[in-house]
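Heavy-atom basis, side chains included; hydrogens, waters and symmetry copies ignored. Chain A is the first sequence line, chain B the second, and so forth, proteins listed ahead of strands; every chain is numbered from 1.
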Protein chains: 2
Amino acid sequence: MNTLAEENYLKAIYHLSLSDANVSTNQIAAALNTKAASVTDMLKKLADKELINYEKYQGVTLTAAGEKIALQIIRKHRLWEYFLVEKLNFKWDEVHEMAEEMEHISSVELIDRLDKFMDYPKHDPHGDPIPDRDGNFKKHELKPIASLAVNEGGIISGVRDHSATFLQYLEKQQLTIGKKITVTEIIDYDHSMILQVEQTTIHISREVAKNLLVAI
Amino acid sequence: MNTLAEENYLKAIYHLSLSDANVSTNQIAAALNTKAASVTDMLKKLADKELINYEKYQGVTLTAAGEKIALQIIRKHRLWEYFLVEKLNFKWDEVHEMAEEMEHISSVELIDRLDKFMDYPKHDPHGDPIPDRDGNFKKHELKPIASLAVNEGGIISGVRDHSATFLQYLEKQQLTIGKKITVTEIIDYDHSMILQVEQTTIHISREVAKNLLVAI
DNA sequence: ATTTATTTTTAGACAAGTCTAAAAATTTTA
DNA sequence: TAAAATTTTTAGACTTGTCTAAAAATAAAT
Ligand SMILES: [Mn+2]
Ligand SMILES: [Mn+2]
Ligand SMILES: [Mn+2]
Ligand SMILES: [Mn+2]
């Protein structure tokens, strides 16, 4: 099929194209912790395979075939993360690196059976949607808490930053997926916010508020 | 740690050294479907890392460090095979190729939790023992059915040939792990054997009898 | 509209792993 | 025990994926 490196490039391009339709060489290099020259080399290979649309200096987009592969890898990544948390009792900040390896296990039958074994979960431990075998998923409409006004609220349903440190912080503050929150006050000076989370009151910085997503 | 290729070489050397203490270049090449020249190159690298004892033209043995790595990989292979059969309902002839990929997932914590999740199985779906986290396992004393005399018998506990065709044949004949068999007749002409397996009588060739193992 | 800065691509090199063909060592056979 | 057959190693080449340094193209600033 495709090599491990190719799969990682396609996945990175997919994620980057959610913010910018056209993805630049430097963006990919940063995402994959590699150098721009290496990216250019790989882009030529992926273009030869018709997995991306690439014209020199113009950035890239995924073709339908490339996007399909990217979504299969994301499906596998998120299903394995769900498995690690729900079946093996890992914490949500511990699973990403393992899933980075497991997402490359090739068998489609395996991942479909894993999906069934876990009763077709719709979201991974970080709230991200899990594509079905055909790559379909409904993208949830989430807003950062930072965009809410006083007295507005919602259900915590996702994060914008997946780093272990951020996830651990949220865990400690009990700001986990499924919790209902309401904004009770916004501090003028630094735009930090005071939230009501069930019985308790929590004060979060604007930085945190921008990276924590709620469904209204 | 070690590359995927290195892990595959160490595992192959381990398996081969069960029949021959000293493993030859050609044996490894055959096992890994590669060429003798490629094997020589890799043997130098593994010797540099002190994972094997290697002297030109003399064949190789694993060092303690090399054997430890090989046993970790075998542990992972067999635990994943058990998972695929017991949790995802694959058949015993379907799991080997998937496990060949999964055995390279690196996390030790993951495999220890998987082990616990499945309640510490002692044998994989083919009857092979699963090493514990320290690489320890008790090697079962099994005999090929071909070595039995009339009226002798035992419990089917392993196979010498792991090919899908052989496993499928056994499945169809109900000659699966755990079944009690007794030899009722041995045909002089071709050394084929007639077995009593629970209520039924089954006639197997010498070829089959040599590859099917029983605990007495 | 040039100059300057940034981004991207090319050129050339390197490591890992593999291959074929040929040479060297070992084993077998006569 | 010397010739023949087999096994193993070396030599040289190729692919994939990466890198640094330098050139080319694009974007930003004067
Ligand atoms: Mn992840
Ligand atoms: Mn995730
Ligand atoms: Mn196997
Ligand atoms: Mn097995």
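A close approach under 4.0 Å does not occur between any side-chain nitrogen or oxygen of N26(A) and OP1 or OP2 of dT6(C). Within the structure, every side-chain polar atom (N or O) of T34(B) is placed at least 4.0 Å from both OP1 and OP2 of dG17(C). Within the 4.0 Å cut-off from OP1 or OP2 of dT10(C), at least one side-chain nitrogen or oxygen of K44(A) is found. In this structure, K45(B) reaches the dG17(C) phosphate: one of its side-chain N or O atoms is under 4.0 Å from OP1 or OP2. K56(B) has no side-chain polar atom (N or O) that falls below the 4.0 Å cut-off from OP1 or OP2 of dT8(D). Note on T25(B): a side-chain N or O is less than 4.0 Å away from OP1 or OP2 of dT9(D).
As a whole-Å value, the separation of L32(A) CG from dC19(D) P is 10 Å. Per the geometry, CG belonging to L46(B) stands 13 Å off C1' belonging to dA16(C), to the nearest Å. In this structure, E7(A) places its CD atom 11 Å from P of dG17(D), rounding to the nearest Å. In this structure, M1(B) places its CE atom 17 Å from C1' of dA16(C), rounding to the nearest Å. Rounded to whole Å, atom C1' of dT18(D) lies 14 Å from atom CG of L43(A). As a whole-Å value, the separation of N33(B) CG from dC19(C) P is 9 Å. What separates CD1 of I28(A) from P of dT9(C) is a distance of 9 Å, to the nearest Å. For the pair N22(A) CG and dA27(D) C1', the interatomic distance rounds to 15 Å; values are reported in whole Å.
S24(B) and N26(B) share no side-chain donor-acceptor pair at under 3.5 Å.
For T40(A), counting side-chain heavy atoms from C-beta on, the closest listed nucleotide (dT7(C), dT9(C), dT20(D)) is dT9(C). Relative to the side chain of D41(B), the nucleotides dC19(D), dC19(C), dT18(D) differ in distance, and dC19(C) lies closest. With dT9(C), dT18(C), dT9(D) as the choices, the nucleotide that has an atom nearest any side-chain atom of Y54(A) turns out to be dT9(C).
Each of Y9(A) and Q27(B) lies near DNA chain D, and the nucleotide nearest Q27(B) is the one positioned closer to the 5' end. Ranked by how close their nearest DNA chain C nucleotide is to the 5' end, A37(B) and Y57(B) are led by A37(B).
Between E109(A) and R113(A) there is a salt bridge, with a side-chain nitrogen of the basic residue lying less than 4.0 Å from a carboxylate oxygen of the acidic one.
In this structure, S38(B) reaches the bases: a heavy-atom distance under 4.0 Å links it to at least one base atom across the strands shown. Within 4.0 Å (heavy atoms only), A5(B) reaches sugar-phosphate atoms of the nucleic acid but no base atom.
Side-chain rings of H123(A) and H140(A) approach one another, their centers coming within less than 6.0 Å.
Across D112(B), D134(B), D132(B), a single residue satisfies salt bridge (charged side-chain N to carboxylate O under 4.0 Å, His left out) together with R75(B), and that is D112(B).
Geometrically, K87(B) engages F117(B) in a cation-pi contact, judged by NZ or CZ lying under 6.0 Å from the ring centre and within 45° of the ring axis.
Side-chain contact between N211(B) and L170(B) is absent, with no heavy atoms from C-beta onward closer than 4.5 Å.
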